Structure formats: C-alpha cells, structure tokens
**Student:** 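The following block contains the structure, expressed as structure tokens.
Just the heavy atoms: all of them, side chains too, but no hydrogens, waters or symmetry mates, feed the values below. Letters A, B, ... are given to chains in the order of the sequence lines, protein chains preceding strands, and every chain is numbered from 1. Please read these numbers as outputs of a predicted model, since none were measured by experiment.
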2 protein chains.
Amino acid sequence: MLQTVQKAAQVLRLFTPQQPEWGVTEVAAALEIPKSGAHALLRTLAAEGLLQRTGNGRYRLGWTLFELSQTLLDSSALLRAARPIMERLVAGWGETTHLAVLVDGQVLYVEKLQGDRALEIVLSGVGKRLPAHCSGVGKVLLAHQPWENVLRIVETTGLVSFTPNTITTVEQLRAELERVRQQGFAYDQEEVMVGLCCAAAPIRDESGQVIAAMSLSVPAYRFYPNQQRLTTAIVDAARRVSEELGYYQEDWAWGNGKRSKSRSSGQATSVLT
Amino acid sequence: MLQTVQKAAQVLRLFTPQQPEWGVTEVAAALEIPKSGAHALLRTLAAEGLLQRTGNGRYRLGWTLFELSQTLLDSSALLRAARPIMERLVAGWGETTHLAVLVDGQVLYVEKLQGDRALEIVLSGVGKRLPAHCSGVGKVLLAHQPWENVLRIVETTGLVSFTPNTITTVEQLRAELERVRQQGFAYDQEEVMVGLCCAAAPIRDESGQVIAAMSLSVPAYRFYPNQQRLTTAIVDAARRVSEELGYYQEDWAWGNGKRSKSRSSGQATSVLT
DNA sequence: CTGCGAGTTCAGTATAACTGAACACAGCCA
DNA sequence: TGGCTGTGTTCAGTTATACTGAACTCGCAG
C-alpha cells in the first residue's frame with residue numbers, strides 16, 4: 001500500500017484555507033516524521049507541481065492541482081448534468097440547492113446555488129466538507145454505502161452533535177439510513193442548524209451506483225407546510241440528473257435493485273454488437 | 001527525490017480530458033513499469049481519494065483534487081485580485097482577457113473572460129495548457145525566468161511552430177525575452193494563430209516575483225491601430241493587480257530591482273515592533 | 001467450453017526511503 | 001554588531017520499503 005504515496009497525500013491534505021502555507025518543520029511535526037523526511041516529500045511534490053515554493057522556503061498548493069481539478073470537472077458528467085436542473089430548481093423555489101459527493105466518509109460540496117428567497121448557509125460551500133450523519137445529502141450518501149463502511153466512518157469521526165436534533169447514536173443512524181434507503185430520499189430537520197431543514201435525494205450513474213446527492217434547503221417555517229411538494233421536487237430533479245447520466249430506474253416506488261437498460265448513448269454492451 | 005511520489009504524480013498527470021479513465025495495464029504501459037507496480041500506485045491513490053475506482057476496475061480522478069483546487073483558489077489572492085480588473089478590461093474593450101501561470105515550462109490558463117466584441121479563441125481555456133514560446137503571456141512568464149530554465153524548457157519541449165510568425169530559434173527567443181523583460185510587456189503578433197494578436201504584462205506578488213501574466217487578445221486588424229492604447233491598458237491593469245497583491249514598484253520605467261514598501265495591509269515587519 | 005485479456009495477489013529480493021546529526025542561513029534580541 | 005534561536009537543507013549508513021515476475025481469478029468472446 002505504498003506508504004510513501006500515502007504520506008505525500010497526507011501532506012497535500014494538510015493545506016487548508018485556514019492554513020494554506022506550511023514549512024518543513026510544521027509538516028514534520030504534523031505527520032510526526034523527521035524533518036529530512038518532510039523535506040523530501042515537500043521538495044518532490046513541489047518538483048511535480050503539486051506544491052509550489054514561496055520565496056522564503058515555505059510551500060503552498062500548486063497550480064497542477066487546479067489543472068487536474070479542471071480535467072476532473074471536464075470529464076465528469078455529473079456537474080454538467082446537474083447544473084441546469086439545479087438552476088431550474090432554484091428559479092422555481094428561490095431556495096438553496098446543494099450537490100455533494102462522499103469523500104473519505106464526509107460530505108464534500110461540489111456545487112451550491114442560492115435562490116433569492118434563500119437564507120445564507122454559511123456552513124456549506126463549494127469545496128468544503130461536513131460530517132455526513134447530520135445533513136440531508138450526507139444521510140442519502142451514507143444510506144447507499146455498505147453498513148460496515150458506515151460503521152468505520154462513525155468509529156473514526158464520531159457522531160458530532162450540532163443541534164438537539166442531530167443524530168448521536170449508532171442505532172438511530174442505522175434506523176434512519178434504512179428508512180432513507182427504502183423511501184429514496186432524506187430529510188434534514190434542523191439537524192445541522194436550528195431553523196434549517198432540507199430534503200435530499202440520490203443521484204445514480206449508468207451502473208445504478210449512487211455517486212452524489214442533491215438537496216433543497218429551506219427555512220424550517222417554510223419547510224413543514226411544503227414538505228410534500230419539496231420532496232417530490234428534489235426526488236424528481238435528482239432522478240432527471242440520474243437519467244442524464246444514463247440511469248433508468250426499473251419501476252419507481254419498488255425496485256431499487258438492478259438497472260434494466262440505459263437510455264443514454266455510448267452503451268451497447270451486452271446482447272448484440 | 002522520492003521516486004515513488006514522482007511516479008504517483010506521473011500517474012495523476014496521465015488523466016486528461018482526452019483520456020479521463022485509465023486501467024492498470026494502460027498505466028503500466030505508459031510508465032513502463034510492471035503491472036503490479038501500477039496496480040499498487042492506483043490502489044494507493046484511490047484509497048487517498050486522489051483517484052476513484054469505477055465499477056469495472058478502471059480509475060478516474062478523485063474529488064479530493066477538486067477540494068484541493070478549491071483550497072488553492074481560496075487561499076490564492078491572485079484570482080480574487082485579478083478577476084474584477086479583468087472584468088473592467090473586458091467591459092471597456094469588449095475583447096478577451098487571459099490570466100495564466102507558468103507550470104512545468106508551459107502556460108496554464110487560470111482565467112479567461114470573453115468580451116462581446118471578441119472572437120472565439122478555441123485554443124486557450126481555463127485549465128488548459130499551451131507552449132510558452134508563442135503566446136503573449138508565455139513570453140512574459142519566460143522572460144522573468146532564469147535563462148537556464150528557459151533553455152531546459154526549450155530543449156525538452158522544442159519550439160513548435162503554429163504560424164509563420166512563431167518564434168522557432170533559440171536566438172530569436174533570447175532576444176525577444178530580453179526585450180520583453182526590459183520593456184515590461186510582450187506582444188503576440190499572430191504567433192499562435194493567424195489573425196490573432198495580443199498584448200501581455202506581468203503580475204508580481206509582494207516579493208516582486210512574477211507569478212502570473214495577463215493579456216488582452218485582439219483580432220489583428222483591430223490590434224495595430226490601437227497598439228499603443230492596448231499596451232498601456234494591459235500594463236496598467238497588470239500593475240493594479242500586482243499592487244492588490246502587495247507589490248509596489250519603485251520607480252516605473254527604470255528600476256525592476258528591489259521593492260520599496262508595500263501599500264497593502266499585513267506588512268509591518270522591519271522597523272518597529 | 002476454452003482462450004484471451006483484464007485486474008489482483010503474493011513471496012523474495014534489490015533498492016529506495018528513513019534516520020539523525022551536521023550544515024547554512026535568516027531574523028531577532030541583546 | 002554579534003551571537004542565538006529558529007528556519008530550511010544536506011548527507012552517509014542502515015532499515016524497511018517498494019519493485020519484480022509469475023501465478024491466480026474473473027469476464028467476455030469465439
């Protein structure tokens with residue numbers, strides 16, 4: 001499992017908006033390795049363009065990461081498919097939509113569109129992470145993971161409490177994820193922030209795998225009166241994105257099993273050819 | 001120089017918009033290493049989130065790269081400082097502006113704004129690379145590199161010819177870069193595409209280092225009549241961005257030496273305290 | 001059913017990476 | 001100005017790492 005590469009990745013993950021610049025000694029202390037080792041890692045990463053040296057011998061993230069990210073976005077159909085549908089959602093409701101993926105057991109926000117009627121959600125943001133057990137998108141994404149994965153995640157990150165409504169026990173989480181998987185959507189009822197609710201639904205790729213989740217965030221006082229309409233709206237929007245990605249659900253409201261056949265192009269594997 | 005990390009970075013750089021998905025065998029062939037080695041690299045990178053496995057055992061870029069890129073953009077003052085000034089430039093001229101950095105001896109486009117009067121420049125694009133010897137931004141960036149670096153770059157990538165005007169000999173390049181450095185801006189006179197010209201100027205950070213270049217691209221028939229005004233416009237815009245980054249040039253038109261003092265905040269190092 | 005090609009695993013060996021101390025350099029305080 | 005503490009950087013020896021190449025499994029096609 002190439003420990004050297006693991007360490008290099010650890011180094012990259014040290015760089016955050018809070019501390020975007022690191023020196024050799026700091027990295028050595030953070031990873032608990034000798035200075036010379038940290039030095040070698042930083043030098044190599046800088047030589048490869050993944051980091052860049054500042055004048056004073058410290059390091060920042062390198063532009064190659066920007067390039068790779070653009071390549072990712074360019075080659076990923078997800079954002080291209082989701083953005084117009086999110087825009088329509090925002091235009092119709094005036095609220096905030098999120099698009100998120102699961103990375104390393106946490107929710108990574110990939111896109112966020114704010115409506116004119118929306119309240120500012122400062123916690124979420126494009127490129128930011130949040131724990132998965134509390135948000136709507138997080139619960140959707142966890143619900144479609146093997147339970148053992150969920151357990152591992154919970155054991156490492158714990159079930160941090162944000163509000164009185166946050167899920168804090170494994171048993172609660174298990175039951176909630178079970179329900180989310182079966183009904184095909186999730187609610188966040190003031191679990192991450194008092195006064196904020198959301199409805200979220202899964203997005204599947206052509207193989208039927210859940211690769212992302214979409215949500216519509218709404219102030220609590222506007223959520224409960226419109227819960228039903230909100231639910232169908234987000235479920236429908238997520239389904240449309242999934243279809244754009246080549247997924248076609250077998251029979252809605254029952255089967256969450258195998259796919260039948262894609263309506264998208266570039267898919268002619270099995271029978272004839 | 002941690003060869004394992006170098007190989008890992010090589011693997012990442014294999015992923016392009018043209019081929020965003022790689023299998024073990026393909027990677028092994030591309031890097032000329034045994035399959036098991038490629039397998040270990042891919043597995044490790046995927047475990048770290050820098051890659052993701054598709055269902056069929058192939059690999060794509062991972063969302064962690066998106067996260068890192070967002071952190072880079074968030075912590076880099078460059079784009080934040082440049083964007084409004086580029087917008088004003090576009091609003092005033094109706095042409096296309098580019099913002100680019102030098103990565104690995106090539107020009108990496110970081111931002112691109114198109115005006116309403118502009119012609120579509122298909123070659124450039126955010127996240128795309130081009131050789132440095134032909135474009136305006138490229139010549140600006142090379143001009144402020146040590147000549148030995150430039151030589152190394154030229155020896156590896158060569159001086160590819162795009163149009164009859166493209167610089168193709170080292171001597172031409174040397175003279176041009178010398179002029180660009182002294183006059184503080186560069187022209188591209190149909191060197192990358194027939195009918196397309198541009199003027200470009202360097203952007204410096206608070207230490208005086210050239211970290212990026214900005215350009216204004218114009219059809220040839222509109223370039224020559226307005227060359228003087230274009231030049232002052234782009235030089236002025238780049239200077240404003242540099243000042244935003246904390247650079248204050250000593251005395252314009254002569255000294256390119258040390259800085260005197262920043263007018264930006266967060267800088268009170270030397271005398272008192 | 002068989003063969004080819006994909007991805008994956010494993011044990012032994014060669015070599016790459018880690019260690020820790022010494023070096024160079026800058027800024028800061030006396 | 002002169003040490004002093006804190007950087008980043010270098011190096012040689014040793015350990016433990018990563019590479020090798022063949023064997024294995026699985027899916028698809030003939």
**Student:** Looking at residues at least two apart in the chain, or sitting in another chain, which of them share a side chain to side chain contact (heavy atoms under 4.5 Å, CB included) with R179(A)?
**Tutor:** E176(A), Q183(A)

**Student:** Could you list the residues that satisfy side chain to side chain donor-acceptor pair (under 3.5 Å) with E178(B), not counting sequence neighbours?
**Tutor:** R181(B), Q182(B)

**Student:** Output a table of donor-acceptor pairs, distance under 3.5 Å, between side-chain atoms of residues 27-47 of chain B and any protein atom two or more places apart or on a different chain; print 'none' if there are none.
**Tutor:**
{"from": "T44(B)", "atom 1": "OG1", "to": "A40(B)", "atom 2": "O", "distance (Å)": "2.7"}

**Student:** What's the closest nucleotide to the side chain of T25(B) if the choices are dG7(C), dT8(C), dT10(D)?
**Tutor:** dG7(C)

**Student:** Who pairs with Y59(A) by ring-ring contact (aromatic ring centres under 6.0 Å, His included), at least two apart in sequence or on another chain?
**Tutor:** none

**Student:** For the pair made of CD in Q6(A) and P in dC18(C), what is the distance, rounded to whole Å?
**Tutor:** 12 Å

**Student:** Between G23(B) and R58(B), what is the shortest heavy-atom contact and its length?
**Tutor:** N-NH1, 3.8 Å

**Student:** Can you give one letter per nucleotide of nucleotides 13-25 of chain D, going 5' to 3': B for a protein heavy atom under 4.0 Å from the base, S for sugar-phosphate only, - for none?
**Tutor:** ----SSSBB----

**Student:** Using the test side chain to side chain contact (heavy atoms under 4.5 Å, CB included), find all partners of L79(B) that sit at least two apart in sequence or belong to another chain.
**Tutor:** L73(B), R83(B), L99(B), V110(B), E111(B)

**Student:** Tell me every residue that passes side chain to side chain donor-acceptor pair (under 3.5 Å) with T54(B), counting only those two or more places apart in sequence or in another chain.
**Tutor:** N56(B)

**Student:** Mind running a 4.0 Å heavy-atom check of residues 12-19 of chain B against DNA chain C and sending the residues that fall below it, in number order?
**Tutor:** none

**Student:** By a strict heavy-atom criterion of less than 4.0 Å, which residues belonging to residues 44-59 of chain B are in contact with DNA chain C?
**Tutor:** R53(B), G57(B), Y59(B)

**Student:** According to side chain to side chain donor-acceptor pair (under 3.5 Å), who are the partners of Q52(B), at least two apart in sequence or on a separate chain?
**Tutor:** none

**Student:** Would you give me the side-chain donor-acceptor pairs under 3.5 Å for residues 3-13 of chain B, sequence neighbours excluded?
**Tutor:**
{"from": "R13(B)", "atom 1": "NH2", "to": "E48(A)", "atom 2": "OE1", "distance (Å)": "2.1"}

**Student:** If we fit an axis to the first five pairs and another to the last five of the helix from dC1(C)-dG30(D) to dG27(C)-dC4(D), what angle do they make, to the nearest 10°?
**Tutor:** 40°

